[in-house]
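The figures here come from the full heavy-atom set of this structure, side chains too, leaving out hydrogens, waters and symmetry mates. Every chain is numbered from 1 and lettered A, B, ... according to where its sequence line falls, protein lines coming before strand lines.
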Number of protein chains: 2
Amino acid sequence: MELYIEQFKALGDKTRLAIIWLLNSVPGDLCVCEITDAIGESHCNISRHLKILKGAKLVKEKKEGRWVYFDLAKPQDQVQGYIMQALATIPADAFLEMAARLQLRLSLRDGNRCVDGVKSNNWRRVVNKVNGKNDINEK
Amino acid sequence: MELYIEQFKALGDKTRLAIIWLLNSVPGDLCVCEITDAIGESHCNISRHLKILKGAKLVKEKKEGRWVYFDLAKPQDQVQGYIMQALATIPADAFLEMAARLQLRLSLRDGNRCVDGVKSNNWRRVVNKVNGKNDINEK
DNA sequence: TTCATATATTCAAGTTTGTGCACATAATAT
DNA sequence: ATATTATGTGCACAAACTTGAATATATGAA
């Protein structure tokens, strides 16, 4: 019961729902800095939100040296199973720009692993290149 | 998107989750005062929580004179469908006492409609009678 | 070792939320 | 009309939440 409340509370936030949606949009896991650049918020904020999601057992983390990868957690019971299904069903409408930024960010990976920190030079370069063609990531 | 956030936020509260559970535990609808007596909080608080749930389109209301009945809302899309399924799956464990109070409260109905206000004399009477036998509703 | 970097945490605002109290509204009864 | 009753709302305040800035931790590189 307490866990359900914690889970619903964790999901009642724009940034955290965005994180969940990002994790649903890829087959594997995502690095903290990839999530940060895709959403475009400060890294400390993303870190905090990830901690809340982890506390609610909605995501699980895997450490690889300095990098920390997050993925959706396996449902602990039937209730959470339905919650995860609901989350997987959320349409892309409100997340199109963010989804494009994530794909761009994932193109920087090497051997399917993240090799760029938050707001790296590589990231700035590809963003600028894409911005020259269309207005992705434009405010 | 905003609606999903509002729905998750609405569900991230102990009292509101209790209200949803009560509505799931009966085939029909429930009167405000029945919900209030079953949960055992102040009527104004229950009223406010119901307003929040209604704003999130999780419950719908039906007015009958002075009495206002609430019921679970029909899902507006597939996401809410899964959310409602999750809610319907929440186990009774944490709500046993409350469920017993609701059944007792519903026994006061006349013609399947509520005829007693919050903390009525009838309610006090049946609660005292039951308390004489076991410790339901005991603090 | 020292430095750089990915991530986490502490602190201090500012904001939101939950609740008790009193009062307001609306519908019924007398 | 007045009284009663079921429900809703405004106010005030405490608790919880969100966030930016700075700082800390931890891992790897040189």
Legend entry - Cluster companions of B/Val115 among Ile, Leu, Val, Met, Phe, Trp, Tyr (side-chain spacing under 4.5 Å): none
Inset, instruction - Would you give a per-nucleotide map of nucleotides 22-30 of chain D, 5' to 3', where B means the base has a protein non-hydrogen atom under 4.0 Å away, S means only the sugar-phosphate does, and - means neither? - result: -----BS--
Between [N] atom [atom2] and [X] atom [atom1], what is the distance in whole Å?
| X | N | atom1 | atom2 | value |
| --- | --- | --- | --- | --- |
| B/Phe70 | D/dG8 | CZ | C1' | 10 Å |
| B/Glu61 | D/dG8 | CD | C1' | 10 Å |
| B/Lys14 | C/dT19 | NZ | C1' | 13 Å |
| A/Ile39 | C/dT7 | CD1 | C1' | 16 Å |
| A/Asn121 | C/dA4 | CG | P | 15 Å |
| B/Leu11 | C/dG18 | CG | C1' | 16 Å |
| B/Glu6 | C/dT16 | CD | P | 14 Å |
| A/Lys54 | C/dT7 | NZ | C1' | 11 Å |

Legend entry - Within residues 23-32 of chain A: residues closer than 4.0 Å to DNA chain C (heavy atoms): A/Cys31, A/Val32
Legend entry - Contacts of type ring pair (Phe, Tyr, Trp, His ring centres under 6.0 Å), residue A/Trp21, not counting sequence neighbours: A/Phe95
Inset, instruction - Could you pull out all residues at least two apart from B/Lys54 that satisfy side chain to side chain donor-acceptor pair (under 3.5 Å)? - result: B/Glu61
Inset, instruction - Identify, with sequence neighbours excluded, every residue that meets side chain to side chain donor-acceptor pair (under 3.5 Å) alongside B/Ser120. - result: B/Asp116
Inset, instruction - Determine yes or no for a side-chain-to-main-chain donor-acceptor pair under 3.5 angstrom, with A/Asn45 supplying the side chain and A/Glu41 the backbone. - result: no
Grab the N/O contacts between the protein and nucleotides 17-19 of chain D below 3.5 Å, and write none if there aren't any.
from, atom 1, to, atom 2, distance (Å)
D/dT18, OP1, A/Arg16, NH2, 3.0
D/dT19, OP2, A/Asn45, OD1, 3.4
D/dT19, OP2, A/His49, NE2, 2.6
D/dT19, O5', A/Asn45, ND2, 3.3

Inset, instruction - With sequence neighbours excluded, tell me which residues meet side chain to side chain contact (heavy atoms under 4.5 Å, CB included) with B/Arg125. - result: B/Asn122
Set of residues satisfying salt bridge (Lys or Arg N to Asp or Glu O under 4.0 Å) with respect to [X], sequence neighbours excluded:
| X | value |
| --- | --- |
| A/Lys62 | A/Asp29 |
| B/Arg105 | B/Asp37 |
| B/Glu64 | B/Arg113 |

Inset, instruction - Give the intermediate values and the outcome of side chain to side chain contact (heavy atoms under 4.5 Å, CB included) for residues A/His43 and A/Lys119. - result: CA-CA 10 Å; A/His43 84 276; A/Lys119 291 177 184 169; over 6 Å; no
Inset, instruction - Examine D/dG8: is either OP1 or OP2 under 4.0 Å from a nitrogen or oxygen in the side chain of B/Lys51? Give yes or no. - result: no
Legend entry - Residue pairs involving residues 74-92 of chain A (criterion side-chain hydrogen bond (donor to acceptor under 3.5 Å, both in side chains); sequence neighbours excluded): A/Tyr4-A/Asp77, A/Gln7-A/Gln80, A/Tyr82-B/Gln85, A/Gln85-B/Tyr82
